[in-house]
Structures are given as C-alpha cells and as structure tokens.
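Report on the structure given below.
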Amino acid sequence: MKSYKLTIFNQSRVITVVFLFPVILLGSLFAGLELMPKSYFWIVSIPMFAGLSGLIYYFAKGDLIVDFDDETLLFNWKKKLIFNYDAIEPISVKDIKTVVIDQGELLRKIITSDREVKISNGKLLMKDSEKFIAFLRSSISQNGGRVIDSWDVWQEKGYLKWALRINTVIIISIVGIIVAFGVIKGFDKIPPASFFMLVFLLPQMLLYQRQMKEK
C-alpha cells in the first residue's frame, strides 16, 4: 500500500482568510490604541494579531493522508479540535476521468463520472504533493483520463470570457480609484484598505489576467 501525506488549503477557506486578514490587522491595531497608551499599543496589538492570525491559519490548513490500496484511493483527515474538513469517500482509480492541476503542482480536483473531489494542496508544506500528483498523472494516463487546469474548466463551462472581462474591470477600477483618491486627497492619505488592494490584490488580479489571456 502506498501512502501520501498532503497539506491542504481549501480554496474557499483561503478566500475567507484573505478577507479576514486585513480586518484582523486593523482590528488588532485599533484595539491596542484603544486599550493602551499610544506608546504601548503594541503590547495588545502584537499578541492579538499573532493569536488571530494563528487561528485563521489553523482554520485554513488541513492534513490529509491518501492511501492507495487495491486500486482505490482512501482519504483520511488528521483530526483537529475545531474546523475539521468534511470526510472524503474512497475513489477507485479506474473511475477518475479528469484531474485538475494548476501550475503543474497544485492539485485542485479529482473528477469521476459522478462526483468532484476538491483537494487544493498549497505551495507551503508540500510534503508528498509532488509524488501524489505524479502518481495521479501516471494512473489516469493508463485509463484514458486527462489532466487540465482550472482555467480549462472555466473555458469548458463558458465562464472564461466573462471572467476575463470582469477581471479587467476590477483591475481598472482598483487603479482608477486609488489614483483618483491620491490626486484629490493626496497619496499620503490613501486609506489602509486601498494600500492592501494595491499591494496584495492587484498583483494577483494581474496574474489571473495573464493566465486567462493565455487560454
């Protein structure tokens, strides 16, 4: 029996974390300023930020062990105190029709004839991810399966063109709003939320734009 250890960061949970992170950052800062003298705000802000950041990381992360036994994949989650992932029913390898892999190393989905199993390993703590992906590629090639990425899925469903248009509008809007605010109010008065969009959100949106255009 082969066994693979994977670190999972479910996409829906990661999106939740992305939106919570600036709230936690600003909330920790404001709490420190409210509860302590300004010179000592960090006494509250730093532990609060560290604790809440650790909590949302614990929320997003999952440890999954995949065993391959008798042509069947068996999935077992490492139990957590809270925020456990839903159980995954066993999958026969011969039933796998499609595997969705992004950037050659991020396993998103295993698709059979009757269901989709979301995996979503992350780039952090890769463990046996590369070995498991290589195993899947080899197994499905023998059974006539295929390997695609998430943009291929969107394209097949007819979503890609609309996604590209929406992404373009978002990029233009982010840049336009920040530039307009800077010109009118002064760039030194740009609010923290706008700075977050510029530094973290915009590069990701530009990456999506390039990937969608390539499709």
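This is a predicted model, so every value here is computed, not measured.
A salt bridge links Lys61 with Asp63: the distance from a Lys NZ or Arg NE/NH1/NH2 to an Asp or Glu carboxylate oxygen falls below 4.0 Å. Salt bridge absent: Glu130 and Arg137 never bring a charged side-chain N and a carboxylate O closer than 4.0 Å. Contact check on Asp128 versus Lys5 returns no salt bridge, with no Lys/Arg side-chain nitrogen under 4.0 Å from an Asp/Glu carboxylate oxygen.
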Evaluation steps, salt bridge (Lys or Arg N to Asp or Glu O under 4.0 Å), between Glu156 and Arg146: CA-CA 14 Å; Glu156 290 178 357; Arg146 60 177 184 154; 2.6 Å; yes
Leu73 vs Asp67, side chain to side chain contact (heavy atoms under 4.5 Å, CB included): CA-CA, chis, key distance, verdict: CA-CA 6 Å; Leu73 295 176; Asp67 295 320; over 6 Å; no
Working for side chain to side chain contact (heavy atoms under 4.5 Å, CB included), residues Ile171 and Leu206: CA-CA 7 Å; Ile171 291 173; Leu206 291 171; 3.8 Å; yes
Criterion side chain to side chain contact (heavy atoms under 4.5 Å, CB included) on Val153 and Val100, from CA distance to verdict: CA-CA 8 Å; Val153 175; Val100 181; 3.9 Å; yes
Pair Leu29-Leu25, side chain to side chain contact (heavy atoms under 4.5 Å, CB included): steps then yes or no: CA-CA 6 Å; Leu29 178 61; Leu25 177 60; 6.0 Å; no
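A single hydrophobic cluster is seen to contain both Leu136 and Val117, as judged by linkage of ILVMFWY side chains at heavy-atom distances under 4.5 Å, directly or through other members. Residues Ile88 and Phe68 are members of one and the same hydrophobic cluster, defined by side-chain heavy-atom contacts under 4.5 angstrom among Ile, Leu, Val, Met, Phe, Trp and Tyr.
Gln211 CD to Gln103 CD: the interatomic distance, rounded to the nearest 0.5 Å, is 6.0 Å. Distance check: Thr168 OG1 to Ile170 CD1 gives 9.0 Å after rounding to the nearest 0.5 Å. Going from atom CD1 of Ile8 over to atom OG of Ser120 covers 7.0 Å, rounded to the nearest 0.5 Å. With rounding to the nearest 0.5 Å, the separation of CG in Leu125 from OG1 in Thr7 is 4.5 Å. Between the CD1 atom of Ile15 and the CG atom of Leu20 there is a distance of 12.0 Å, given to the nearest 0.5 Å. Taken to the nearest 0.5 Å, the CD1 atom of Ile119 stands 10.0 Å off from the OG atom of Ser129.
With sequence neighbours excluded, no residue forms a side chain to side chain donor-acceptor pair (under 3.5 Å) with Glu34.
Side-chain contact, Asp70 with Thr72: no donor N or O sits under 3.5 Å from an acceptor N or O.
The environment of CZ in Phe135 is crowded: more than 12 heavy-atom neighbours from other residues, nucleotides or ligands sit within 6.0 Å. In Phe83, the CZ atom is crowded: over 12 heavy atoms of neighbouring residues, nucleotides or ligands sit closer than 6.0 Å. Other residues, nucleotides and ligands place more than 12 heavy atoms under 6.0 Å from the NZ atom of Lys127. Heavy-atom contacts from other residues, nucleotides or ligands closer than 6.0 Å to CH2 of Trp154 number 12 or fewer. Surrounding NZ of Lys78 are at most 12 heavy atoms belonging to other residues, nucleotides or ligands under 6.0 Å away. Atom CG of Asp114 has more than 12 heavy atoms from other residues, nucleotides or ligands within 6.0 Å.
Counting heavy atoms from C-beta on, the side chains of Lys161 and Met212 never come closer than 4.5 Å. With contacts defined as side-chain heavy-atom distances shorter than 4.5 Å, the pair Tyr159/Trp151 does not qualify. Taking 4.5 Å as the limit, some side-chain heavy atom of Leu81 sits within range of a side-chain heavy atom of Tyr58. Ile91 has its side chain within reach of Phe75: a pair of non-hydrogen atoms, C-beta onward, lies under 4.5 Å apart. Using a 4.5 Å cut-off on side-chain heavy atoms (C-beta onward), Lys123 and Glu105 make contact. Proximity of Ser3 to Ile65: side-chain heavy atoms (C-beta onward) are separated by under 4.5 Å at one or more points.
Remark: side-chain polar atoms of Ser45 are paired, donor with acceptor, to backbone N or O of Ser28 under 3.5 angstrom.
Using bins of under 30°, 30° to 60° and over 60° for the plane-to-plane angle, the ring pair Tyr4/Phe132 lands in the tilted bin. The aromatic rings of Phe21 and Phe49 stand perpendicular to each other, their planes meeting at an angle above 60°, with 30° marking the opposite boundary.
When the options Arg108, Lys109, Lys97 are evaluated for a salt bridge (Lys or Arg N to Asp or Glu O under 4.0 Å) with Glu116, the one that passes is Lys109.
Shown here for Met36 and Val44, the closest heavy-atom pair between the two residues is CG-CG2, 3.4 Å.
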